[in-house]
Number of protein chains: 2
Amino acid sequence: MENKKVDRRIQRTRQLLQDALISLILEKGYDKITVQNIIDRANVGRSTFYAHFLDKDDLMASNLEKLHEELGPHLASSYDDDSERAMLPSLALFRHTQEQHHMYKSMIGGRGIEIVHQVIWDGLTAHARAHFEQLESTGKRLAVPKEILVTYLAGSMRILLTWWLDNDMPYPPEQMNEMFLKLVDGGIEGVIQDGQEIS
Amino acid sequence: MENKKVDRRIQRTRQLLQDALISLILEKGYDKITVQNIIDRANVGRSTFYAHFLDKDDLMASNLEKLHEELGPHLASSYDDDSERAMLPSLALFRHTQEQHHMYKSMIGGRGIEIVHQVIWDGLTAHARAHFEQLESTGKRLAVPKEILVTYLAGSMRILLTWWLDNDMPYPPEQMNEMFLKLVDGGIEGVIQDGQEIS
DNA sequence: ACTGTTACCGCACAGTGTGTTCAGTAACAT
DNA sequence: ATGTTACTGAACACACTGTGCGGTAACAGT
């Protein structure tokens with residue numbers, strides 16, 4: 001059933017290139033990296049690089065995709081842990097970030113990259129949107145436009161996550177999650193109203 | 001007293017280059033712009049560009065500096081308006097953003113740029129830090145590390161500002177400011193404690 | 001209006017990175 | 001052992017960078 005037919009050489013090459021990119025990002029930042037740098041560090045032929053990826057961005061995207069696939073299961077299991085007050089799978093995200101902090105830091109800390117936005121943050125935003133839509137369907141009214149709430153919630157998560165990584169994760173994921181919820185809950189609750197009328 | 005000795009040709013050239021950069025950013029994003037593009041659009045000789053700026057980043061920095069100088073007075077006057085609950089000069093910032101939205105959007109919306117961080121956001125963070133330090137000096141205790149609060153506050157401002165620009169400013173600055181304060185106040189107040197003891 | 005100064009232009013230059021092609025070689029699966 | 005497939009290395013045209021320099025045009029001050 002499993003597709004184990006992937007040539008070892010392919011696996012090796014892709015891995016080498018992906019690792020090279022990450023380590024280079026952590027050293028000098030995404031912008032300043034050239035394809036030349038990457039293939040030098042990975043010790044891979046020039047033509048080989050272009051046989052696998054279109055360019056630097058494409059390689060980055062593949063890295064991101066990999067991470068995203070791996071994150072999936074973690075999110076699913078998160079609903080067991082903090083299902084109660086979960087507006088976002090924040091605890092799961094903090095935990096996974098700690099596990100894969102090299103990868104995350106290369107994508108977040110060392111300056112944001114276009115593609116990261118499109119995959120990670122848009123996913124978070126979707127989560128938040130679903131939360132508020134579900135809330136609305138139960139008759140609640142929002143004193144602030146939904147899209148702003150959604151952006152704010154996902155954005156706050158991003159802010160704390162970024163800070164955490166930039167500061168070498170000085171607190172455990174659980175504590176970060178507590179603080180995140182404490183900060184965000186207050187503001188969110190203030191704009192949720194039971195009644196029909198809005199000011 | 002005034003230094004009006006600046007050669008007209010210099011003013012003209014610098015202005016042309018700065019405008020060219022902004023319009024190009026709004027079209028295709030900072031990363032994809034070359035010095036060649038800039039001088040073509042500005043209709044300025046190659047050597048002239050390098051007579052004024054070191055490279056693309058340097059030109060961007062000059063643009064940013066210009067904006068920052070102009071923002072100064074606005075911030076000062078903001079303390080008249082919302083001095084009461086001002087943790088940040090948020091209203092002034094929303095207003096100035098609306099006035100200079102082309103400039104701001106080119107620097108924020110179309111993907112963050114390294115230098116922007118260092119000037120605008122670090123300034124905001126400093127404001128926030130000053131606020132909490134002043135709060136601490138009056139005997140209040142914080143249930144969340146100060147640096148996290150600072151980051152969160154400045155970050156939230158950034159989030160909303162970015163959203164506002166990306167969505168073509170659908171609400172007036174005053175309303176954005178109200179919503180910002182509503183969202184942020186709740187969370188912040190929840191972590192400020194009067195007493196001496198912390199959990 | 002005249003004059004010295006200074007900014008601009010245009011072109012040429014070496015240097016570096018890009019993305020493609022292709023024949024030769026080595027590692028792979030079976 | 002054999003056919004297949006991925007990698008290598010070198011060459012290629014192209015694009016952009018940053019610098020240098022003589023000629024030209026716009027400037028400020030008298």
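Both backbone and side-chain heavy atoms feed into the values below; hydrogens, waters and symmetry mates do not. Each chain gets a letter, A, B and so on, in the order its sequence line appears, and its residues count up from 1.
For A:L54 and C:dG19, the CG to C1' distance is 11 Å, given to the nearest whole Å. Atoms CG (B:L59) and P (D:dG18) sit 13 Å apart, rounded to a whole Å. If you take CG of A:D31 and C1' of C:dG17, they are 16 Å apart, rounded to a whole angstrom. We find that CG of B:D57 is positioned 15 Å from C1' of D:dG18, with the value rounded to whole Å. Between the NE2 atom of A:H52 and the P atom of D:dA6 there is a distance of 8 Å, rounded to whole Å. One atom, NZ of A:K32, and another, P of C:dT16, lie 18 Å apart when rounded to the nearest Å. Atom CD in A:Q15 sits about 18 Å away from atom P in D:dA6, given to the nearest Å. At whole-Å resolution of the value, CD in A:Q36 and P in C:dG19 are 12 Å apart.
Residues of residues 38-50 of chain B that place a heavy atom closer than 4.0 Å to DNA chain C, in numerical order, are B:N43, B:V44, B:G45, B:S47, B:T48.
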Derivation of the side-chain contact (heavy atoms from CB on, under 4.5 Å) call for B:L64 and B:I120:
CA-CA 9 Å; B:L64 194 57; B:I120 302 269; 4.0 Å; yes
Take A:D57 and A:Y30 through the test side-chain contact (heavy atoms from CB on, under 4.5 Å) and record every step on the way to the result.
CA-CA 10 Å; A:D57 285 343; A:Y30 186 75; 2.4 Å; yes
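Heavy-atom nearest nucleotides on DNA chain D were determined for B:R8 and for B:T34, and the one closer to the 5' end corresponds to B:T34.
A salt bridge does not link A:D7 with A:R14: none of the charged nitrogens is closer than 4.0 Å to a carboxylate oxygen.
A close approach under 4.0 Å does occur between a side-chain nitrogen or oxygen of B:T13 and OP1 or OP2 of C:dC8.
Comparing the end axes of the helix from C:dA1-D:dT30 to C:dT30-D:dA1, each fitted to five base pairs by superposing C1' atoms of four pairs onto the next four, gives an inter-axis angle of 50° (nearest 10 degrees).
Applying the side chain to side chain donor-acceptor pair (under 3.5 Å) criterion to B:K28, with sequence neighbours excluded, gives B:N37. Legend: residues meeting side chain to side chain donor-acceptor pair (under 3.5 Å) with B:Q18, ordered by chain and number and at least two apart, are B:S62, B:K66. In this structure, A:D58 has no side chain to side chain donor-acceptor pair (under 3.5 Å) partners at least two apart in sequence or on a different chain.
Checked by atom type and distance alone, the side chain of B:R8 never pairs as donor or acceptor with a backbone atom of B:V6 at under 3.5 Å. The main-chain N or O of A:I33 is found under 3.5 Å from a side-chain atom of A:K56 such that the two form a donor-acceptor pair. Using a distance-only test at 3.5 Å, with no hydrogens or angles considered, no donor-acceptor pair links the side chain of A:H96 to the main chain of A:L93.
When each of A:W164, A:W163, A:Y171, A:Y104 is tested with A:F94 by the rule ring-ring contact (aromatic ring centres under 6.0 Å, His included), just one qualifies, namely A:W164.
When the shell of 6.0 Å around NE2 of A:H52 is examined, it contains more than 12 heavy atoms from other residues, nucleotides or ligands.
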Table of protein N/O atoms under 3.5 Å from nucleotides 2-6 of chain C N/O atoms:
unit_1 : atom_1 : unit_2 : atom_2 : d
C:dT6  : O2     : B:R9   : NH1    : 3.1
C:dT6  : O2     : B:R9   : NH2    : 3.3

